[in-house]
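Accompanying notes for the structure given below.
If you're wondering where the values come from, they're calculated on a predicted model, not measured in any experiment. Numbering starts at 1 and runs along the sequence shown.
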Amino acid sequence: MTLKLSNLLREIDVLEIIGDTDKNIVSLESDSRKAVKEGMFVAVRGVTTDGHKYIPVVASTHVGAIVCEEMPAVYEQGITYIRVADSAKTLGMLASAWYGHPSARLKLVGVTGTNGKTTTATLLYEMARLEGYKAGLLSTVCNYIEGRAIPTTHTTPDPLTLNALLAEMVECGCDYAFMEVSSHAAQQHRIAGLKFAGAVFSNLTRDHLDYHGTVTNYMNAKKMFFDMLPADAFALVNTDDKSGMYMVQNTRARVYTYSLRGDADFKGRVLEMRLDGTLLSLNGHEVEVQFTGRFNAYNLTAVYGAAILTGFNPEEVLVNMSRLVPVAGRFQTMRSPAGVTAIVDYAHTPDALVNVLDTIRKIVGPDGHITTVVGAGGNRDHGKRPMMAREAACRSDFLILTSDNPRDEDPEAIIADMRGGLSREELTRTLCVTDRAEAIRQAMRQSGPGDVVLVAGKGHETYQEIKGIRHHFDDREVIADTF
């Protein structure tokens with residue numbers, strides 16, 4: 001593909017240009033290793049490295065243009081240098097233009113929040129397909145283009161990958177696209193240049209403070225997504241969450257609300273709950289769904305509202321709610337021949353553990369026995385570790401602390417951080433087993449008929465990351481091997 005540099009420059013705010021703009025550009029890259037002759041390189045200041053330091057190397061490949069925030073000391077002949085205020089945001093704008101503005105040719109709906117992003121985005125994708133539309137999905141678990149799975153590495157891809165995937169969706173005839181929008185993606189301008197038809201906010205609790213520093217910074221990163229919405233988009237927010245209306249304070253989009261507790265445009269209510277399903281009321285209509293938990297009632301109410309706001313037939317949406325199935329690793333239940341119910345869930349924050357364990361306790365009652373197996377990820381927010389252990393311990397009859405993805409940290413040190421949140425009494429019913437597979441087997445061995453084992457933290461993941469290497473590991477496979 002080849003585009004005129006002068007045409008690309010019309011898409012961005014330029015502060016300074018040195019060189020010829022009447023030339024063809026054959027590629028767009030932000031990775032210096034992929035820069036090619038007559039291509040365009042965008043120097044982005046990233047979290048771990050600054051693309052500006054690779055400008056001399058890129059220049060030696062005779063690229064056609066270099067976009068940067070700071071001009072180099074030496075200019076190479078034949079290269080056009082373009083200075084901008086924010087190269088990360090500029091990359092998003094250029095990526096969208098490079099791929100023909102695919103988001104404007106789809107109805108693109110983004111979902112953000114601490115918990116529920118994957119479930120809500122995935123169920124909207126499934127709903128579109130049940131309605132007979134072609135659709136695409138960009139999520140933590142997997143990307144899909146009209147049923148074709150494409151492995152994912154980030155909740156929200158980089159701008160070039162993101163627009164390439166959206167362009168593929170357009171080429172395949174997709175009418176709709178649904179995607180998770182992480183706080184990192186909003187702050188790093190990975191979604192710059194995209195045109196959203198709608199946005200959904202689920203909730204906000206402590207997470208990613210290793211990156212954002214404070215909850216306020218984290219919240220404002222989420223809010224950036226709503227601030228960028230166009231006037232013809234919708235913004236659907238959870239008013240039961242204290243951050244819900246804050247998200248839309250400055251949005252130009254049409255604001256709609258959903259709630260389980262108060263008045264809202266889309267009102268959900270749990271009528272009956274079991275381990276294998278829930279009887280739910282949605283705007284006064286009763287529907288049996290294959291999901292459990294109050295947190296899932298919120299997700300489904302958001303799906304119901306967003307589907308209608310996206311343009312789907314309300315009556316068909318209500319019928320199809322009962323046909324939706326849980327997302328892999330999200331309150332996924334497995335029952336052993338001995339009568340033990342194992343639940344695999346991605347819960348990896350204090351709030352998520354509270355939601356899942358409160359749901360289980362409500363169903364099994366005060367006499368039901370719950371064993372929780374949980375760890376915490378390495379190289380991430382240390383402060384939430386004791387909080388996670390505390391919430392799990394006070395809601396479980398027995399707790400096993402184990403490894404999650406230790407990454408570059410010592411797993412025993414992570415477990416020690418978690419132990420720090422427990423009281424003496426809680427420690428008497430807590431076991432520390434560093435080997436995650438053995439921890440799961442131990443939990444299953446000591447449980448009997450009617451008992452519940454919650455294996456939390458990794459959910460859909462099929463690997464365990466240790467010292468930079470991903471080893472195959474699936475909680476569900478380990479549980480199945482105990483049957």
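Atom CG in L260 sits 7.5 Å away from atom CG in N238 (nearest 0.5 Å). Rounding to the nearest 0.5 Å gives a distance of 5.0 Å between CD1 of I25 and CE of M40. Atom OG of S322 is separated from atom CG of L280 by 11.5 Å, given to the nearest 0.5 angstrom. Taking CD1 of I400 as the start and CD1 of I415 as the end, the distance is 11.0 Å to the nearest 0.5 Å. Atom SG of C68 is separated from atom CG of L15 by 10.0 Å, given to the nearest 0.5 angstrom.
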Listing, residues 92-100 side-chain donor-acceptor contacts under 3.5 Å, not counting sequence neighbours, or none:
from: S96; atom 1: OG; to: H101; atom 2: ND1; distance (Å): 3.0
from: S96; atom 1: OG; to: G193; atom 2: O; distance (Å): 3.2

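Between I343 and L275 there is a side-chain heavy-atom pair separated by less than 4.5 Å. F266 has its side chain within reach of I308: a pair of non-hydrogen atoms, C-beta onward, lies under 4.5 Å apart. In this structure, the side chains of V111 and V181 stay at 4.5 Å or more apart for every pair of heavy atoms. Using a 4.5 Å heavy-atom cutoff, the side chains of L194 and N163 are in contact. No side-chain heavy atom of Q332 sits less than 4.5 Å from a side-chain heavy atom of P326. A heavy-atom distance below 4.5 Å is not found between the side chains of I150 and C142. Within the 4.5 Å cutoff, the side chain of T120 has no heavy atoms near those of the T122 side chain.
Neither side chain, S183 nor K222, offers a donor N or O lying under 3.5 Å from an acceptor on the other. For the residue pair T114 and Y218, a side-chain donor N or O sits within less than 3.5 Å of a side-chain acceptor on the partner. At a cut-off of 3.5 Å, with distance as the only test, a side-chain donor of E180 or T118 sits close to an acceptor on the other residue. No side-chain donor from either of H348 and D404 sits under 3.5 Å from a side-chain acceptor of the other. Inspection of the H285 and N283 side chains reveals no N or O donor paired with an N or O acceptor under 3.5 Å. For Y298 and D240, the side-chain atoms include at least one donor-acceptor pair closer than 3.5 Å. For D158 and Q188, the side-chain atoms include no donor-acceptor pair closer than 3.5 Å. With no hydrogens or angles considered, a side-chain donor-acceptor pair links D351 and N115 at under 3.5 Å.
A distance below 6.0 Å separates the ring centres of Y176 and F312. With ring centers used as reference points, F331 lies 6.0 Å or more from Y346.
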Inset, instruction - Walk me through it: do R407 and I466 pass the test side chain to side chain contact (heavy atoms under 4.5 Å, CB included)? - result: CA-CA 5 Å; R407 298 185 177 88; I466 304 170; over 6 Å; no
Inset, instruction - Walk me through it: do T371 and L454 pass the test side chain to side chain contact (heavy atoms under 4.5 Å, CB included)? - result: CA-CA 6 Å; T371 297; L454 170 65; over 6 Å; no
Legend entry - F201 and F225: CA distance, side-chain angles, deciding distance, ring pair (Phe, Tyr, Trp, His ring centres under 6.0 Å) verdict: CA-CA 10 Å; F201 170 74; F225 175 37; over 10 Å; no
Legend entry - side chain to side chain contact (heavy atoms under 4.5 Å, CB included) evaluation trace for R330 with V141: CA-CA 11 Å; R330 267 62 174 181; V141 177; 3.7 Å; yes
Legend entry - Test log, rule side chain to side chain donor-acceptor pair (under 3.5 Å), inputs N320 and E126: CA-CA 9 Å; N320 286 328; E126 297 292 355; over 6 Å; no
Legend entry - Step-by-step side chain to side chain contact (heavy atoms under 4.5 Å, CB included) determination, H382 to D417: CA-CA 8 Å; H382 288 226; D417 285 345; 3.8 Å; yes
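The backbone N or O of L204 sits less than 3.5 Å from a side-chain atom of D241, completing a donor-acceptor pair. With S182 contributing its side chain and A185 its backbone, the two residues share a donor-acceptor pair below 3.5 Å.
The pair E409-R385 meets the salt-bridge criterion, since a charged nitrogen lies less than 4.0 angstrom from a carboxylate oxygen. In summary, R274 and E288 engage in a salt bridge, as defined by a charged side-chain N under 4.0 Å from a carboxylate O. Here R390 does not pair with E426 in a salt bridge; the nearest charged N to carboxylate O distance is not below 4.0 Å. With respect to the salt-bridge test (charged N to carboxylate O, under 4.0 angstrom), the residues D474 and K458 do not qualify. Looking at R45 and E70, a side-chain N of the basic residue comes within less than 4.0 Å of a carboxylate O on the acidic one, giving a salt bridge. Between E168 and R148 there is a salt bridge, since at least one side-chain N of the basic residue sits less than 4.0 Å from a carboxylate O of the acidic one. Between E69 and R83 there is no salt bridge, since none of the side-chain N atoms of the basic residue sits less than 4.0 Å from a carboxylate O of the acidic one. Between R361 and D397 there is a salt bridge, since a side-chain N of the basic residue sits under 4.0 Å from a carboxylate O of the acidic one.
Residue T292 comes nearest to M273 through the heavy atom pair CG2-CG, 4.0 Å, listed as atom of the first residue, atom of the second, then distance. Closest heavy-atom contact between G147 and Y125: N-OH, 3.1 Å. The nearest pair of heavy atoms linking V270 to T278 is CG1-CG2, 3.9 Å. Closest approach of N379 and D408 over heavy atoms only: OD1-N, 2.8 Å. The minimum heavy-atom distance linking M127 with V317 is given by the pair CE-O, 3.6 Å. For the pair A186 and M224, the tightest heavy-atom approach, listed with the atom from each and the gap, is O-CE, 3.5 Å.
Contacts of R105 classified as salt bridge (charged side-chain N to carboxylate O under 4.0 Å, His left out), with partners at least two apart in sequence or in another chain: none. For K223, the salt bridge (charged side-chain N to carboxylate O under 4.0 Å, His left out) criterion is met by D227, not counting sequence neighbours. Considering only residues two or more places apart in sequence or on other chains, E171 meets the salt bridge (charged side-chain N to carboxylate O under 4.0 Å, His left out) condition with none of them. Applying the salt bridge (charged side-chain N to carboxylate O under 4.0 Å, His left out) criterion to E29, with sequence neighbours excluded, gives no partner residue.
Contacts classified as side chain to side chain donor-acceptor pair (under 3.5 Å) and involving residues 299-316 (residues at least two apart or in different chains) are given here: N296-N299.
Cation-pi geometry between R470 and Y463 is satisfied (NZ or CZ under 6.0 Å from the ring centre, within 45° of the ring normal).
Screening R252, K195, R254 against D232 for a salt bridge (charged side-chain N to carboxylate O under 4.0 Å, His left out) leaves a single residue, K195. Here the rule is side chain to side chain contact (heavy atoms under 4.5 Å, CB included) with V356, and of D358, I360, V354, T359 only I360 fits it.
Atom NZ of K267 has more than 12 heavy atoms from other residues, nucleotides or ligands within 6.0 Å.
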